[in-house]
There are 2 protein chains.
Amino acid sequence: MAEWQAMGLDLHNCPIRSILDQVAAKWPVLILLEVHQEPKRFNMLLRAIPDISRRMLTQGLRDLEQNGLLTRTLFDTRPPAVEYALTALGRSLMDPLLALVDWAALNRAAVAEAHRLYDSARQA
Amino acid sequence: MAEWQAMGLDLHNCPIRSILDQVAAKWPVLILLEVHQEPKRFNMLLRAIPDISRRMLTQGLRDLEQNGLLTRTLFDTRPPAVEYALTALGRSLMDPLLALVDWAALNRAAVAEAHRLYDSARQA
DNA sequence: CCGAATCCTAAACGATACTG
DNA sequence: CAGTATCGTTTAGGATTCGG
C-alpha cells in the first residue's frame, strides 16, 4: 500500500492535493528537470525550454522557490546574474520525477501504438 | 543517469514531451489514482473526485483510453453501466505516480514551512 | 446511467515594451 | 541580465441541457 494511504490521509481534503496540483504540472516539471542537470540562469532556462515564455518561466520559478524546491541566488555583478539551483527538498523530488520521465521514455512506443489502435477502432 | 538521457533523447524534440504533458497534469493523475484502487464507473469517479466536472472527467477518460492507460467496458444492462480499469500499461505507470504522491505526503510539512519562510522573508 | 453538445466565464498563456 | 507590467488571445473549465 502507498504511504499516503497507510497514513490514513484523504487525498482530496488535505494539502497533498495542492502540492500535487502544483508539482504534477507541465512547466514546474520541465523547469526542475533543467535545473537538476546543473544550476542555471534565467536566460539559460529560457533557451533550454523552447516553448516557455518569459512570463511563465518567471512565475514557475517563483512558485518553485516558494515551495522550497529551489533557491534563487543573486550575484551582484555588472550586469547582474541570478542562479537557480535545487534545494535538498528539490533534489528529493527528482527521484519520483525522473522515474516518471523514464516511464515516458520507455513506453513512448506503447503509447503511440495505443493511439493507432484507438484511431483505427474509431473509424469502424 | 536517467534512462532517457542514456538513450540520447532530446526531451524537447521528442514524443516524450507530449506524453509527459498529458500525464503530468492535474486531472489525469487524479483519475488514475482512483481507478487504481479498483475499477470504477463514471458516476463513482464523479463523486470520488470532488472538484472535477462531468466534462473534464469525460475528456480525461477519453485521453487516458487513447493513451492506452485504461480500458472502457460497456455492460449492456438497463440502465447501461460502464466500467473503467487500468491496462497493463496503466498499471506500469502507477509506480512512478504513487511515488510522486508519497513524496507529496511525506514532504507536505516541509513545503508548508517553506511557504512560511518565503512569506516572512518577503515582508522585510 | 453514461455521455455529447452547447454556451459562457475564468484562467493560462504569449508578445511586447519597459525598468533597475 | 533579469526581470515587471500591460494587453490581447487562446484555452481550460463549469453549468446546463439533451439524447441513447
Side-chain angles (χ1 to χ4, degrees), chain A residues 12 17-18 20-32 34-35 38-67 70-85 118-119 121-124, chain B residues 12 17-32 34-35 38-67 69-85 118 121-122 124:
Chain A
H12 300 289
R17 258 299 297 277
S18 64
L20 208 55
D21 290 349
Q22 288 178 59
V23 163
K26 186 178 179 177
W27 300 128
V29 169
L30 295 176
I31 294 173
L32 286 171
E34 290 301 329
V35 175
E38 57 175 339
K40 291 212 168 87
R41 309 212 333 241
F42 190 87
N43 281 342
M44 295 174 66
L45 288 168
L46 211 52
R47 279 188 299 271
I49 308 174
D51 52 351
I52 201 172
S53 67
R54 246 177 172 63
R55 187 190 157 110
M56 288 301 101
L57 182 55
T58 303
Q59 206 169 100
L61 289 169
R62 288 282 162 279
D63 290 347
L64 292 171
E65 190 191 354
Q66 209 170 126
N67 288 329
L70 49 77
T71 58
R72 177 182 182 278
T73 310
L74 170 64
F75 295 94
D76 202 2
T77 54
R78 294 296 309 240
V82 177
E83 193 168 87
Y84 294 92
Y118 185 93
D119 291 345
R122 263 197 78 84
Q123 214 167 13
Chain B
H12 300 289
R17 256 301 296 275
S18 64
I19 297 177
L20 207 56
D21 289 350
Q22 289 178 59
V23 163
K26 186 179 179 177
W27 300 127
V29 169
L30 294 176
I31 294 173
L32 286 171
E34 289 300 329
V35 176
E38 56 175 341
K40 290 212 168 88
R41 304 202 349 231
F42 190 86
N43 281 340
M44 295 174 65
L45 288 167
L46 211 52
R47 280 189 299 272
I49 308 174
D51 52 351
I52 201 172
S53 67
R54 251 180 173 62
R55 185 192 161 110
M56 287 302 103
L57 182 56
T58 302
Q59 205 171 101
L61 289 169
R62 288 281 161 280
D63 290 347
L64 292 171
E65 189 192 354
Q66 209 170 126
N67 289 329
L69 299 176
L70 48 78
T71 59
R72 177 182 182 278
T73 310
L74 170 64
F75 295 94
D76 202 1
T77 54
R78 296 297 308 239
V82 179
E83 193 170 87
Y84 295 92
Y118 185 92
R122 260 197 80 85

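Convention: sequence-line order gives letters A, B, ...; per-chain numbering from 1. As the structure is a prediction and not an experimental result, all values here were calculated from the model. Because only heavy atoms are used, hydrogens play no part in the values below, and waters and symmetry mates are left out as well, while side chains stay in.
For the pair B:Arg54 CZ and C:dT6 P, the computed distance is 17 Å after rounding to whole Å. In this structure, CG of B:Leu57 is placed 11 Å from P of D:dG14, rounded to the nearest angstrom. Protein atom NZ of B:Lys40 is 16 Å distant from nucleotide atom P of C:dG3, rounded to whole Å. Rounded to whole Å, the distance from CG on A:Leu61 to C1' on D:dT4 is 14 Å. B:Arg47 has its CZ atom 11 Å from the C1' atom of C:dC1, to the nearest Å. Spacing between atom CD1 of A:Ile49 and atom C1' of C:dG14 amounts to 15 Å, rounded to whole angstrom units. Between the CD atom of A:Gln59 and the C1' atom of D:dA2 there is a distance of 16 Å, given to the nearest Å. Between the CD1 atom of B:Ile52 and the P atom of D:dG13 there is a distance of 9 Å, rounded to whole Å.
At a cut-off of 3.5 Å, with distance as the only test, no side-chain donor of B:Asp63 or B:Gln22 sits close to an acceptor on the other residue.
With a 4.5 Å cut-off on side-chain heavy atoms, B:Arg122 and A:Gln66 do not count as touching. Counting heavy atoms from C-beta outward, A:Lys40 and A:Arg47 have side chains that stay 4.5 Å or more apart.
Residue B:Trp27 has no polar side-chain atom (N or O) positioned under 4.0 Å from OP1 or OP2 of D:dA12. Phosphate contact (OP1/OP2 of C:dC2, side-chain N/O of B:Arg41, threshold under 4.0 Å): present. Look at B:Arg62 and you'll find a side-chain N or O under 4.0 angstrom from OP1 or OP2 of C:dA4.
Closest of all the heavy-atom pairs between A:Leu61 and A:Leu70 is O-CD1, 3.9 Å. Across B:Pro80 and B:Leu74, no two heavy atoms sit closer than the pair CB-CD1, 4.3 Å. Closest non-hydrogen pair, A:Leu57 versus A:Phe42, comes out as CD2-O, 3.6 Å.
Considering only the side chain of B:Thr58, C:dG3 comes nearest among C:dG3, D:dT4, C:dG14. Of the candidate nucleotides D:dG3, C:dC2, D:dG13, C:dC2 has the atom nearest to the side chain of B:Tyr84.
The pair B:Glu65-B:Arg72 does not meet the salt-bridge criterion, since no charged nitrogen lies less than 4.0 angstrom from a carboxylate oxygen.
Within residues 70-83 of chain B, the residues that place at least one heavy atom under 4.0 Å from DNA chain C are, in residue-number order, B:Arg72, B:Pro79, B:Pro80, B:Val82.
Scanning atom types as modelled, one donor and one acceptor separated by under 3.5 angstrom connect the side chain of B:Arg55 and the base of C:dT6.
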